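Below: one structure, written as structure tokens.
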Amino acid sequence: MTHNRTTFATKLGVIAAAVGSAVGLGNIWRFPYEVGQSGGGAFLLVYLLCVALLGIPLITAEFVIGRASRTNVARAFKKLAPGSPWGIIGYLSVLAPFLILCYYTIIAGWTIEYLYQALTNGFAGKSPEVLKNEFVAFSTGTWQPIIWIAIFMAANYAIIVGGVKKGIERASNVMMPLLFVLLVVFCINSFFLPGGGEGFRFFLQPDFSKLTPAILLRAMGQAFFSLSLAMGCLVTYSSYFGDETRLGKTAATVAWLDTLVAVMAGIMIFPAVFSFGISPTAGPDLVYITLPNVFMMMPGGYIWAVLFFILLALAALTSTVSLFEVVTAFMIEEYHMSRRRALGWVLGSVFVLAVVCSLSLGPWNGLRLFGMDIFDIFDYVSANILLPVGGLLISLFVGYKLDRNTVYRQVTNDGRLRIGYFKPLMFLLRYFCPIAIALIFLSGLGLF
Ligand code: TRP
């Protein structure tokens, strides 16, 4: 069945939307806290290797699947390999974005609270100690986080209901470049923080004694998470690509821009962490207890704080839009629902689970499995289990199941492009990615 699907209007629109999906809280909230908990520089190095050797080939593979099938993830696999069990990947691919949304929207909600604090000048004159206690009180509270989740969800509804072209593309085009400029300012500021040198060293100097299999797995999971990989987002987006979009080049551009943003976030955070005497292992709180201190130190801090939290909220929005779009496109095309109705179901169920996750940080903290609260379980399972499994299956699918000619036609735009990377790409997808992912995955879980 050929759908008359919409496609992105411009080349910039393609990149901005894919970068919009990739750049989000994963770069600015999750990356620094994972680096902090994993001991610094060695994690960064492994992370960069994962982006180059696993991330870029896998993004290209997802683009191939998306544009060759031009349909939602669940159906894409069935369409390209009819009657085979590969169709299961499609269903798996709807599960991960769903689980991610359940805790991602909480962090997005925190961002709005901090925007509100910034606007009302709520950080002024407070010591690092007080700022930290206030954050903990807020994030473990009952109602406030929930209200912000609801507001954030409403914004998602407004954008997604408008459809791909009008909503997503327009929103991404302006925000991404602006966020980038702002990060440059904060990175420069880091050089002027007293005692910040320690932070630079922590972040940039690899200490290999810190590398364990569990940390390798976390670096790979973080790379997949940050690149929006392995779970349908990129398949869904590329199903809207036009025929002239260069898949390999777009994949590399998206991957490196995303990585640049993560590295800049590290340079913004770590000198400050050490300068203000915050523990780098603070976990999910790290960014929220560090940044207000940074803003208060800067000349014109009020403006910087407001701008930063606006852009962070918007970056979160473009990422959740991409996550919601996967699940929504699935419901629309699979269950023949209207866009509004599908979105209603998806938003409603995510909201309920997000509330449960949020409460698990505070009032319901007693509820634990394997020593983790519900929030941590959602995060760990999606990033460190579902994403690696998805990545593995995608590399196998494009490497072995999909016929070589289809892949060739997609990456060369039907033979119109001359490319030199076809053979290396196939090698990575057939041998390197599956083996590396399987080894890291099994040893990281302690099964190997
Ligand atoms: N990459 C986004 C971020 O860094 C989050 C995200 C969007 C995502 N879509 C995804 C993660 C799909 C995994 C899979 O914030």
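Order of appearance sets the numbers: ligands from 1, and atoms from 1 within every ligand. Quantities reported herein were computed from a predicted structural model and do not represent experimental measurements.
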*asked:* For the CH2 atom on W345, are there more than 12 heavy atoms of other groups (residues, nucleotides or ligands in this structure) within a distance under 6.0 Å?
replied: no

*N/O to N/O below 3.5 Å, does that happen between A22 and ligand 1?*
yes

_Which residue and heavy atom of the protein sit nearest atom 10 (C) of ligand 1, plus the separation_ = L323 CD2, 3.3 Å

*Can you tell me the protein heavy atom closest to atom 9 (N) of ligand 1 and the distance?*
C233 SG, 3.1 Å

*asked:* Looking at non-hydrogen atoms alone, which of G221, S228, S93 comes nearest to atom 14 (C) of ligand 1?
replied: S228

*asked:* Quick check on contacts: which atoms of ligand 1 are under 4.0 angstrom from a heavy atom of S21?
replied: 1 (N), 2 (C), 7 (C), 9 (N)

*Do the non-hydrogen side-chain atoms of V350 and F324 ever get within less than 4.5 Å of each other?*
yes

*asked:* Would D258 count as being in polar contact with ligand 1, using the rule that some N or O on each side must be under 3.5 angstrom apart?
replied: no

*What's the shortest distance from atom 11 (C) of ligand 1 to any protein heavy atom, and which residue and atom give it?*
F225 O, 3.1 Å

_Atom OH of Y400 with >12 non-hydrogen neighbours under 6.0 angstrom_ = yes

*asked:* To check your reading of the model: name the closest protein heavy atom to atom 13 (C) of ligand 1, its residue, and the distance in Å.
replied: I100 CD1, 3.5 Å

*Would the F43 and F202 ring centres measure less than 6.0 Å apart?*
no

*asked:* Keeping Q205 on the side-chain end and F200 on the backbone end, is there a donor-acceptor pair under 3.5 Å?
replied: no

*Run the numbers for me: atoms of ligand 1, each under 4.0 Å from some heavy atom of G24, listed by number.*
3 (C), 4 (O), 15 (O)

*For G26, atoms of ligand 1 separated by under 4.0 Å from a heavy atom*: 3 (C), 4 (O), 15 (O)

*Could you list the atoms of ligand 1 found under 4.0 angstrom from a heavy atom of L25?*
15 (O)

*Can any side-chain N or O of S228 pair as donor or acceptor with the backbone N or O of S21 at less than 3.5 Å?*
yes

*So does D379 pair up with R218, basic N to acidic O under 4.0 Å?*
no

*asked:* Heavy-atom contact check, 4.0 Å cutoff: does Y104 meet ligand 1?
replied: yes

_Run Y104 and F378 through ring pair (Phe, Tyr, Trp, His ring centres under 6.0 Å) and show every step you take._
CA-CA 10 Å; Y104 202 94; F378 273 55; over 10 Å; no

_Only heavy atoms of N27, strictly under 4.0 Å: list the atoms of ligand 1 that pass._
4 (O)

*Going through the checks in order, is the ring pair (Phe, Tyr, Trp, His ring centres under 6.0 Å) test met by Y114 and F123?*
CA-CA 9 Å; Y114 269 56; F123 308 131; 5.5 Å; yes

*With ring centroids as reference points, do F31 and Y47 lie under 6.0 angstrom apart?*
yes

*Give the atoms of ligand 1, by number and element, whose distance to some non-hydrogen atom of S322 is under 4.0 Å.*
7 (C), 9 (N)

*Would you check whether L387 has a nitrogen or oxygen atom less than 3.5 angstrom from a nitrogen or oxygen atom of ligand 1?*
no

*For ligand 1, which atoms, with element, lie under 4.0 Å from some heavy atom of S226?*
1 (N), 4 (O)

